[in-house]
Asker: 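Structure incoming, see below.
Within every chain, numbering begins at 1; the chains are lettered A, B, ... in the order of the sequence lines, protein sequences first and strands thereafter.
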Amino acid sequence: MPGVSLRNIWKRFGTTEVLKGISLDLEEGEFVVLVGPSGCGKSTLLNIVAGLETLSEGDVLIGDRVVNDVPPKDRNIAMVFQSYSLYPTKTVRKNITFGMEIRRVEKAHQDAALRSVSELLHIDPYLERKPGQLSGGQRQRVAMARALVRDPDVFLFDEPLSNLDAKLRIEMRTEIKKLHKRLEKSIIYVTHDQIEAMTLASRIAVMDAGHIRQFAPPEEIYESPADLFVASFIGSPPMNIVRGRVEQDDGIRITVENDGGPAIRFPVPEKFAAGASAYLGKDVDLGLRPETVTAEGGQTGSDLFAFDRPIELVEPTGPDTMLVFGLGGQEVIARVRPEDARPAGQQFRFVANMAKAKLFDPETGRRI
Amino acid sequence: MSGRTDDIVRPKGARQAVLRVLLFVILGLFAAYYLLPLFVMVSTSLKTLEEIRTGTLVSLPGTVTFEPWAKAWSAACVGVKCEGLKPYFWNSVLIAVPGVAISTFLGALAGYALTKWRFRGADVIFGLMLFGAFIPFQVILLPMARTLGLLGLAGTIPGLILVHVVYGLAFTTLFFRNFAVGVSDSIVQAAKIDGAGFFSIFFRILVPMAVPTFGVTVIWQFTQIWNDFLFGVAFTSSDSNPVTVALNNVVATSTGVKEYNVDMAAAILAGLPTLLVYVIAGRYFVRGLAAGAVKG
């Protein structure tokens, strides 16, 4: 089970640059998720690994082998497509064994391989049906079976769950994760859904406009995003970003001005003070995840800071209630326990956990 | 087939009933108008010459006779030979079957290659082929005669097959290209990862999916080739004439008594194969024409 290395990959279509020097190393058995908004180049990158698209510059290695000029069938990869891409005129059985037939695998071996994947994915009952007679979830399983039966070095998934309804998507997500645990094969998985990325990946590569913004384990991506883009892309609801001025008072503070209300002066905890002091008198972006802004008593910690703002909107989600309020001209979401929520229009005392706040340079977007 | 549009609630009442009756009366009239020529042909072909002379055009035959059919098939005079349509009918079969098969196969291959194995200039080539569909028959008569002469195929059945294949390619390629455009690229990608090459993807994945398109193309090409008169009369000599040319020679003879019953029988015989192809492959025709309009 070799890993995959991408070395300074460029892809150009005419004058448009889709990938701008991507380097990425996948270790053996790793589950890497490429995530980013549509058009960021993640699917192109996957197709380059698969050999379905050529690259303009750079090297793709599977194991120790440079595969730039190796056609897809000889790369020992398997791919699951977004639209399943099953062969519509073939039965499920034939869909799964087609690749083996082409490669002239012995019949007995074919049957054994078919049996093991159909048991693994529970598709036995509909082996003789055509794809048109299957539901979306069943087709997805068949598409995965077709990939699994190849027993490849690397699995490539191209937004495999995006055509499924919400409930099925969560089920299949869990199943893919179990499958990875069991097979311990390298997987590259493309999605635009940050929750899928967080739940599945051993490492996430966040992509934007042909660059990799950050490549790190999910917890690290969430807790210490490299820049504003990663911070606001990962997390749902997204991180609140407000602009404020760094000032020296009793310690470093970030002052956020408000229309129709007093300015709020967020204290900067010790650990950020050194970085923030370089911005004295200048603007910074303050990032606060919704769960770090709660009602009083909603969280514990040493760097809690309380402030008052009127509630603009109340959005119950069940386990939590989102309170939307204005701060520094931005809409900010606070995540409070349902019993702490108050109706819209009321003044409310919010508590922000400043130890979990992130500061960003407003010009470069880099984390301070 | 019953569809979900069958059960939509419609207005009721006397006015609607009257309109409905009116609708069916009009439809009935149109149907009768279309069927009348066929009725006249069939009934005339079953009458004796005597009865044709004395009776009216639309009357049913008093005594049914199959004599004219037998004569049209094996005894009517085509020019100076009196062997009926039979040898020419087989000529047409020998022209139409290979002509349809070759042009359909090449069109399928070209349509697949132009969409799924794209190369520089693919669009230009397709544009030129499409242009071929708009060239009138008459324009190519002289150049084609010259070409057939150079190839040594002038006046022969293989020569006429070549003409039909070349002329038909524009249409068959268009049909299959439109089909292949609707086939998801990722199916081809999946097949490539599975290890299939150009021909195994074509024969094992694309062809089974294209059955309705084959239906349309076969009907279209068969009708074109079987019914063709101009190429037949221009590029074959008397022994290799297709049935359409022979029919003309039977009917347009200027000697002897005009045998309307034999003429009618001969015309029906010459038209039967196209009718048969519609009956056999017809259900694919509509399906193929509508293919790609909705996601299957």
Asker: Any donor-acceptor pair under 3.5 Å linking the side chain of Ser92(B) with the backbone of Val243(B)?
Answerer: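 Pair found, side chain donor or acceptor close to backbone of Val243(B).
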
Asker: Looking only at heavy atoms, what is the nearest atom pair of Pro98(B) and Ile95(B), with distance?
Answerer: CD-O, 3.6 Å

Asker: Check the orientation of Trp226(B) and Phe222(B). Use parallel for under 30°, tilted for 30 to 60°, and perpendicular for over 60°.
Answerer: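 Because their plane-to-plane angle is under 30°, the rings of Trp226(B) and Phe222(B) count as parallel.
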
Asker: Looking at Thr236(B), is its backbone amide N or carbonyl O close enough to the side chain of Ser240(B) to form a donor-acceptor pair, meaning the two atoms are under 3.5 Å apart?
Answerer: no

Asker: Which donor-acceptor pairs lie under 3.5 Å between chain B and chain A?
Answerer:
unit_1    : atom_1 : unit_2    : atom_2 : d
Ser186(B) : OG     : Ser83(A)  : OG     : 3.3
Ser186(B) : OG     : Ser85(A)  : OG     : 2.3
Ala191(B) : N      : Tyr87(A)  : OH     : 3.3
Ile193(B) : O      : Arg150(A) : NH1    : 2.6
Asp194(B) : OD2    : Tyr87(A)  : OH     : 2.8
Arg204(B) : O      : Lys90(A)  : NZ     : 3.2
Arg204(B) : NH2    : Glu101(A) : OE1    : 2.5

Asker: For Ile77(A), which atoms come within 4.5 Å of any heavy atom of chain B: side chain, backbone, both, or neither?
Answerer: both

Asker: Between Phe203(B) and Phe199(B), how do the two ring planes meet: parallel, tilted or perpendicular, split at 30° and 60°?
Answerer: parallel

Asker: Measure the shortest side-chain to side-chain distance between Leu106(B) and Thr173(B) over non-hydrogen atoms and say whether it is less than 4.5 angstrom.
Answerer: no

